[in-house]
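See below for the structure under consideration.
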Amino acid sequence: MGALGLHADPEGWLNAGYSVRTLMDSLDGELYDAHRVAGPGLQQSWGGPVADAFTGHWSGVRSRAEDTIVQGRRAAAAITDFGGKLEDFVKRAAELESYWLSFGLQLEADGMRFALPWGFEHLPPAHQVSFHQWVTESER
């Protein structure tokens, strides 16, 4: 028996989102440490035109890194959200599959829709009508 034509990897997406988030948290910590040493910490013991040039450059680097962290966290949230929605979709597909199989329908070979069971043509006409209605309902 196949599975309702759904080939998805919600865990992979969730893990990717969590990994990006962890990476951004690590980068944020590293940036904080670097700023503490290269920013205000360095200004106390270093002065002059080179120090001023470095401070100006560091400010730009820090700003770009902070922007990267913000964008990375947004991307991580979007990836994790997609993984969660995909996980819900997979669960819903499994519920639908279980529901319609409990009526006696079968999945077609491609797993994309439900079909009448084998030998259904030997059933009484009233049962055949029911099976046709269930197939029609399952398509909705």
Side-chain angles (χ1 to χ4, degrees):
M1 175 185 351
L4 201 57
L6 187 61
H7 308 285
D9 181 20
E11 282 299 311
W13 286 97
L14 290 168
N15 288 336
Y18 299 144
S19 295
V20 171
R21 176 60 191 220
T22 299
L23 177 64
M24 292 302 108
D25 290 345
S26 177
L27 181 57
D28 194 26
E30 293 292 327
L31 183 62
Y32 174 80
D33 291 342
H35 179 67
R36 193 171 34 89
V37 172
L42 192 57
Q43 289 175 352
Q44 295 171 3
S45 58
W46 190 25
V50 174
D52 292 342
F54 175 80
T55 301
H57 177 71
W58 172 250
S59 177
V61 168
R62 181 177 176 216
S63 175
R64 287 188 298 279
E66 287 172 342
D67 290 345
T68 300
I69 291 167
V70 168
Q71 294 300 321
R73 285 182 173 151
R74 288 180 63 205
I79 292 168
T80 303
D81 184 53
F82 176 76
K85 286 183 174 150
L86 189 58
E87 187 174 51
D88 292 343
F89 188 71
V90 168
K91 286 177 186 174
R92 179 69 177 134
E95 290 168 1
L96 284 171
E97 181 178 348
S98 176
Y99 178 78
W100 290 113
L101 292 178
S102 73
F103 280 87
L105 298 180
Q106 297 177 348
L107 279 174
E108 288 191 358
D110 65 2
M112 297 303 291
R113 65 178 61 94
F114 294 96
L116 298 168
W118 295 105
F120 107 100
E121 62 276 353
H122 301 295
L123 295 172
H127 287 92
Q128 289 184 15
V129 168
S130 294
F131 273 105
H132 278 291
Q133 288 173 339
W134 293 334
V135 167
T136 301
E137 247 185 272
S138 74
E139 290 174 354
R140 277 189 240 128

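Every value quoted in this text rests on a predicted model; they were computed, and no experiment measured them.
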Q106: partners by side-chain contact (heavy atoms from CB on, under 4.5 Å), with sequence neighbours left out: P117, W118
Qualifying ring pair (Phe, Tyr, Trp, His ring centres under 6.0 Å) pairs, either residue in residues 8-29, two or more places apart: W13-F82
Tell me every residue that passes salt bridge (charged side-chain N to carboxylate O under 4.0 Å, His left out) with R36, counting only those two or more places apart in sequence or in another chain. D33
Listed partners of A16 passing side-chain contact (heavy atoms from CB on, under 4.5 Å), at least two apart: I79
Can you list everything that forms a side-chain contact (heavy atoms from CB on, under 4.5 Å) with L23? Sequence neighbours excluded, please. none
Taking I69 as the starting point, is it possible to reach Y32 by hopping between hydrophobic residues whose side chains are less than 4.5 Å apart? no
Restricting to side-chain hydrogen bond (donor to acceptor under 3.5 Å, both in side chains), what partner residues turn up for W46, sequence neighbours left out? none
Going by the rule side-chain contact (heavy atoms from CB on, under 4.5 Å), which residues pair with F103 if we only count those two or more places apart in sequence or in a different chain? Y99, W100, W134
For a 4.5 angstrom cut-off between non-hydrogen side-chain atoms, does L14 reach E87? yes
So which pairs with a foot in residues 75-86 pass salt bridge (charged side-chain N to carboxylate O under 4.0 Å, His left out), sequence neighbours left out? D81-K85
Distance from W58 atom CH2 to S63 atom OG, nearest 0.5 Å? 11.5 Å
Taking ring pair (Phe, Tyr, Trp, His ring centres under 6.0 Å) as the definition, give me every residue that meets it alongside H127, ordered by chain and number, with sequence neighbours left out. none
Quick check for you: to the nearest 0.5 Å, what is the distance between L27 atom CG and T22 atom OG1? 12.5 Å
Measure the CZ-CD distance between R92 and E95 for me, rounded to the nearest 0.5 Å. 6.0 Å
Please list, chain by chain and in numerical order, all residues satisfying salt bridge (charged side-chain N to carboxylate O under 4.0 Å, His left out) with E66, sequence neighbours excluded. R62
Quick check: closest heavy atoms across P10 and G83, and the distance to 0.1 Å? CB-O, 3.6 Å
Taking N15's backbone N and O only, do any of them form a donor-acceptor pair with S19's side chain (distance below 3.5 Å, no angle check)? yes
For R73, what residues pass the salt bridge (charged side-chain N to carboxylate O under 4.0 Å, His left out) criterion, not counting sequence neighbours? D25, D28
So which atom in V135 and which in F114 form the shortest heavy-atom distance, rounded to 0.1 Å? CG1-O, 4.0 Å
Using the test salt bridge (charged side-chain N to carboxylate O under 4.0 Å, His left out), find all partners of E108 that sit at least two apart in sequence or belong to another chain. R113
Might you point out which heavy atoms bring V20 and A76 nearest each other, and give the distance in Å? CG1-CB, 3.7 Å
Whether E137 and R140 form a salt bridge (side-chain N of Lys/Arg under 4.0 Å from carboxylate O of Asp/Glu) is what I want to check. no
Determine, stepwise, if the pair R21 / T80 fulfils side-chain contact (heavy atoms from CB on, under 4.5 Å). CA-CA 9 Å; R21 176 60 191 220; T80 303; over 6 Å; no
With clusters defined by side-chain heavy atoms of hydrophobic residues (ILVMFWY) lying less than 4.5 Å apart, directly or transitively, does L105 cluster with L96? yes
Please check this pair: side chain of T68 against backbone of R64, looking for a donor-acceptor N/O pair closer than 3.5 Å. yes
